Amino acid sequence: MAELKKYNVDSFNLDHTKVTAPFVRLAAKKTGEKGDIVTKFDIRITQPNKEFMPTGAIHTIEHIVAEYIRDEIEGVIDFSPMGCRTGFYFTVWGDRDEGFIAEHLLPVFQKVVDWEGDIPAANEIQCGNYRDMDLENAKKYAAQWIKGIKEKGYNCYK
């Protein structure tokens with residue numbers, strides 16, 4: 001097989017056939033002109049090209065985790081879904097490692113599993129697609145991520 005073209009986007013250069021979800025993977029680390037470090041992680045929930053999450057589940061996980069991860073980790077920039085619907089990108093200020101991120105995401109994903117009641121900001125004023133929520137599947141995929149991380153660890157190549 002011919003060598004694949006290298007792209008500017010980190011995830012396009014990841015061999016998705018070699019990773020085993022769920023995992024936490026360092027996707028990129030950038031140092032700004034003034035020395036500020038921004039670190040981006042790949043939080044993978046489902047196995048690439050084998051399973052993907054429905055949009056309502058992704059949207060629900062995004063709302064709950066984006067709100068409550070800020071109680072666990074300082075310097076959160078963003079928690080956003082991947083277009084392929086297999087996970088999320090998580091971006092923070094500072095030089096953080098995969099183990100730290102996995103450890104601090106576990107209780108937040110557990111919040112998703114245990115969630116009862118209204119989803120944070122799931123209304124027409126605070127969300128651009130508030131009707132597309134699926135708490136039942138969000139709980140399923142959050143539990144799947146927790147189970148996998150606890151059983152195999154956070155490494156993407158296990």
Side-chain angles (χ1 to χ4, degrees), residues 1-70 72-110 112-113 127-129 132-134 136-158:
M1 180 179 187
E3 187 166 332
L4 297 175
K5 177 183 175 183
K6 290 291 185 183
Y7 288 94
N8 292 321
V9 179
D10 171 77
S11 65
F12 293 174
N13 298 315
L14 173 68
D15 185 341
H16 287 75
T17 67
K18 304 265 191 252
V19 296
T20 305
F23 58 79
V24 174
R25 180 183 70 86
L26 175 64
K29 189 182 301 185
K30 305 285 185 188
T31 303
E33 292 177 9
K34 297 181 180 180
D36 293 331
I37 297 172
V38 175
T39 311
K40 177 177 150 185
F41 295 90
D42 172 342
I43 310 301
R44 201 65 64 128
I45 297 176
T46 64
Q47 185 61 35
N49 298 306
K50 302 287 184 197
E51 181 185 17
F52 58 90
M53 297 178 283
T55 60
I58 293 168
H59 197 188
T60 303
I61 292 169
E62 176 200 12
H63 272 241
I64 296 170
V65 174
E67 176 64 17
Y68 292 101
I69 192 60
R70 288 162 167 84
E72 293 287 326
I73 298 175
E74 287 186 34
V76 170
I77 296 171
D78 190 36
F79 183 81
S80 55
M82 295 176 173
C84 63
R85 298 188 291 160
T86 62
F88 296 84
Y89 287 114
F90 181 49
T91 309
V92 296
W93 288 106
D95 188 3
R96 304 295 174 93
D97 65 33
E98 295 156 338
F100 176 88
I101 298 300
E103 175 186 338
H104 288 83
L105 276 174
L106 281 167
V108 181
F109 271 74
Q110 188 63 51
V112 175
V113 172
C127 179
N129 193 10
D132 188 20
M133 297 285 176
D134 181 352
E136 182 179 327
N137 270 319
K139 289 180 177 203
K140 170 188 155 185
Y141 288 107
Q144 178 177 312
W145 186 83
I146 291 168
K147 182 178 188 283
I149 297 300
K150 286 184 174 181
E151 287 178 359
K152 77 168 194 74
Y154 57 82
N155 189 300
C156 67
Y157 295 108
K158 289 185 181 178

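Remember, predicted model here, so these are calculated numbers, not experimental data. Any value given below was found using the heavy atoms of this structure, including those in side chains, with hydrogens, waters and symmetry copies removed.
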Side chain proximity check, Phe90 to Asp78, heavy atoms < 4.5 angstrom: no

Nearest-0.5 Å distance, CG of residue Asn155 to CD1 of residue Ile149: 9.5 Å

Checking Phe88 now: which residues fulfil ring-ring contact (aromatic ring centres under 6.0 Å, His included) with it, not counting sequence neighbours? Phe79

If you compare all heavy atoms of Pro81 against all heavy atoms of Ile58, which two are closest, and at what distance to 0.1 Å? CB-CG2, 3.3 Å

Asn49 atom CG: more than 12 heavy-atom contacts under 6.0 Å: no

Distance-minimising heavy-atom pair for Ile61 and Ala142: CD1-N, 4.4 Å

Report the C-alpha separation of Asn137 and Met53 in whole Å, then their side-chain angles, then the decisive distance to 0.1 Å, and conclude whether the side-chain contact (heavy atoms from CB on, under 4.5 Å) test is met. CA-CA 8 Å; Asn137 270 319; Met53 297 178 283; over 6 Å; no

Would the distance check show the side chain of His104 and the main-chain N or O of Ile73 forming a donor-acceptor pair, the cut-off being under 3.5 Å? no

Please report the interatomic distance NZ(Lys139) to CD(Gln110), rounded to the nearest 0.5 Å. 10.5 Å

Decide if atom NZ of Lys152 counts as having more than 12 heavy atoms of other residues, nucleotides or ligands within a radius under 6.0 Å. yes

Under the side-chain contact (heavy atoms from CB on, under 4.5 Å) rule, what do Val65 and Phe109 come out as? Steps first, then yes or no, please. CA-CA 7 Å; Val65 174; Phe109 271 74; 4.2 Å; yes

Do His59 and Asp134 have side-chain heavy atoms sitting under 4.5 Å apart? no

Return the OG1 to NZ distance between Thr17 and Lys50, rounded to the nearest 0.5 Å. 9.5 Å

Is the closest side-chain heavy-atom distance between Ser11 and Lys40 below 4.5 Å? no

Give a yes or no answer on whether the side chain of Thr39 reaches the backbone of Gly94 with a donor-acceptor pair at less than 3.5 Å. yes

Stepwise side-chain contact (heavy atoms from CB on, under 4.5 Å) check, Trp145 with Ile43: CA-CA 9 Å; Trp145 186 83; Ile43 310 301; 3.9 Å; yes

Minimal non-hydrogen separation, His16 against Gln47, with atom names: O-NE2, 4.3 Å

Working to the nearest 0.5 angstrom, can you tell me the gap between Ile64 CD1 and Ile69 CD1? 13.0 Å

Heavy-atom count around Phe100 CZ within 6.0 Å, excluding the residue itself: above 12? yes

For the atom pair CG (Leu105) and OH (Tyr68), what is the distance rounded to the nearest 0.5 Å? 15.5 Å

Roughly how far, to the nearest 0.5 Å, is the OG1 atom of Thr91 from the NZ atom of Lys30? 11.5 Å

Side-chain contact test, heavy atoms from C-beta onward, threshold under 4.5 Å: evaluate it for Val92 versus Ile77 and give yes or no. no

Got a sec, which residues hit ring-ring contact (aromatic ring centres under 6.0 Å, His included) with Tyr141, two or more places apart in sequence or on another chain? none

Can a donor-acceptor pair be found, under 3.5 Å and without considering hydrogens, that links the side chain of Thr86 to the backbone of Pro48? no

Pair up each side-chain donor or acceptor in residues 19-29 with any protein partner under 3.5 Å, not counting sequence neighbours, and list the distances.
unit_1 : atom_1 : unit_2 : atom_2 : d
Thr20  : OG1    : Lys158 : O      : 3.0
Arg25  : NE     : Asp42  : OD2    : 3.3
Arg25  : NH1    : Asp10  : OD2    : 3.3
Arg25  : NH2    : Asp10  : OD2    : 3.0
Arg25  : NH2    : Asp42  : OD2    : 3.4
Lys29  : NZ     : Asp95  : OD1    : 2.6

Going through the distances and angles, do His63 and Cys127 end up as a side-chain contact (heavy atoms from CB on, under 4.5 Å)? CA-CA 9 Å; His63 272 241; Cys127 179; 3.5 Å; yes

